[in-house]
Amino acid sequence: MSSAYLWVKALHIIFVASWFAGLFYLPRLFVNLATVPSDSHAERERLLLMARKLYRFSTLLMIPALVFGLLLWLYFGVGKGPGQVWLHIKLTLVLGAIGYHHVCRGLLRDFEGLKNRRSHKWFRVFNEVSVLLFAAIVCLVVLKPSMG
């Protein structure tokens with residue numbers, strides 16, 4: 001394995017883990033926002049500020065994660081060849097993670113516009129989606145199951 005490949009792989013892992021850390025915590029902020037009493041303006045604004053900053057930071061982490069992943073696939077050939085169906089499943093899950101990321105932005109906008117109608121319990125369940133996506137992606141990458 002070339003040194004360049006190992007560096008790209010390491011950077012991909014670092015940025016993916018960092019991006020998902022944001023996806024793990026942002027819905028947790030939504031849980032807290034959903035429980036803020038309507039007269040607690042300072043607490044609401046503090047949580048909104050934290051959520052906005054975390055969303056922006058997570059977006060900045062997502063971009064290199066995707067770029068390094070594309071390099072591994074398109075330049076270094078990871079997942080190419082027969083029996084590499086795991087990569088197609090992984091890419092589908094990555095698209096799901098990108099969609100989840102953007103859904104978080106929509107939910108943040110709802111909180112900003114005082115339009116949230118979901119309960120803190122709903123956000124607790126929503127928060128688990130990112131964990132399931134991350135676990136499935138890691139298992140696919142490590143186990144590389146053969147599908148035929």
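Positions are given from 1, in the same order as the sequence printed here. Below, each value reflects all heavy atoms present in this structure, side chains not excepted, and no hydrogens, waters or symmetry copies.
Counting only heavy atoms from C-beta outward, the side chains of H12 and V67 never approach each other to under 4.5 Å. Two residues are said to be in side-chain contact when any heavy atoms from C-beta on lie closer than 4.5 Å; L48 and R52 meet this criterion. Side-chain atoms of L33 and N116, non-hydrogen and from C-beta on, never get closer than 4.5 Å to each other. Side-chain contact check for K144 versus L140: every heavy-atom pair is 4.5 Å or farther apart. Side-chain contact between V16 and L66: absent, with no pair of heavy atoms (C-beta onward) separated by less than 4.5 Å. Side chains of L70 and Y75 form no contact here, defined as non-hydrogen atoms less than 4.5 Å apart. Inter-residue side-chain proximity for W7 and S2 is flagged as unmet; no heavy-atom pair is nearer than 4.5 Å. For the pair L26/S58, no side-chain contact is recorded, criterion being any heavy-atom separation below 4.5 Å from C-beta on.
Both V103 and V131 belong to a single network of hydrophobic side chains, linked directly or stepwise wherever heavy atoms of I, L, V, M, F, W or Y lie under 4.5 Å apart. L60 and Y25 fall into different hydrophobic clusters, where Ile, Leu, Val, Met, Phe, Trp and Tyr residues are linked whenever their side-chain heavy atoms come under 4.5 Å apart, directly or through other members. I98 and L61 fall within the same hydrophobic cluster, defined by Ile, Leu, Val, Met, Phe, Trp and Tyr side-chain heavy atoms under 4.5 Å apart, directly or through other members. Both V142 and L93 are assigned to one and the same hydrophobic cluster, defined by single-linkage of ILVMFWY side chains at heavy-atom distances under 4.5 Å. Under the 4.5 Å side-chain contact rule for hydrophobic residues, I13 and W86 do not share a cluster.
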Given ring-ring contact (aromatic ring centres under 6.0 Å, His included), test F123 with F111 step by step and report yes or no.
CA-CA 12 Å; F123 286 106; F111 279 112; 5.4 Å; yes

What do the steps show when you test R124 against R28 for side chain to side chain contact (heavy atoms under 4.5 Å, CB included), and what is the final call?
CA-CA 7 Å; R124 288 179 196 278; R28 186 71 204 148; 3.1 Å; yes

Trace of the side chain to side chain contact (heavy atoms under 4.5 Å, CB included) decision for V129 with L23:
CA-CA 9 Å; V129 172; L23 292 181; over 6 Å; no

Let me see the working for H101 and Y55 under ring-ring contact (aromatic ring centres under 6.0 Å, His included), right down to the final yes or no.
CA-CA 8 Å; H101 184 94; Y55 181 81; 4.7 Å; yes

Take V141 and L87 through the side chain to side chain contact (heavy atoms under 4.5 Å, CB included) test and state the conclusion after the steps.
CA-CA 8 Å; V141 170; L87 182 70; over 6 Å; no

Under the criterion side chain to side chain contact (heavy atoms under 4.5 Å, CB included), I'd like the reasoning laid out for D110 against R118: C-alpha separation, chi angles, the key distance, then a yes or no.
CA-CA 10 Å; D110 286 347; R118 293 180 170 93; 4.1 Å; yes

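Remark: the backbone N or O of I14 is paired with a side-chain donor or acceptor of S18 at under 3.5 angstrom. Looking only at distances, no side-chain donor or acceptor of K53 sits under 3.5 Å from a matching main-chain atom of M50.
Nearest heavy-atom pair, C104 versus P27, reported as atom, atom and distance to 0.1 Å: SG-CG, 4.2 Å.
With rounding to the nearest 0.5 angstrom, the CG atom of N32 is 11.0 Å from the CZ atom of F30. Here the NZ-CG distance, from K90 to L95, works out to 11.0 Å after rounding to the nearest 0.5 Å. The distance from atom CZ of R44 to atom NE2 of H41, rounded to the nearest 0.5 Å, is 8.5 Å. Summarising the geometry, atom CD1 belonging to I137 is positioned 12.0 Å from atom CD1 belonging to I89; distances are rounded to the nearest 0.5 Å. In this structure, CG on L47 lies 9.5 Å from CD on E45, to the nearest 0.5 angstrom.
Counting heavy atoms of neighbouring residues, nucleotides and ligands inside a 6.0 Å radius, atom CH2 of W73 does not exceed 12 of them. Counted within 6.0 Å of NZ on K115, heavy atoms from surrounding residues, nucleotides or ligands total 12 or fewer; the atom is thus considered open.
Aromatic ring orientation, Y5 versus F76: perpendicular (interplanar angle above 60°, classes split at 30° and 60°).
Between R105 and E112 there is a salt bridge, since at least one side-chain N of the basic residue sits less than 4.0 Å from a carboxylate O of the acidic one.
No option in W19, F134, F126 other than F126 meets the ring-ring contact (aromatic ring centres under 6.0 Å, His included) test with Y100.
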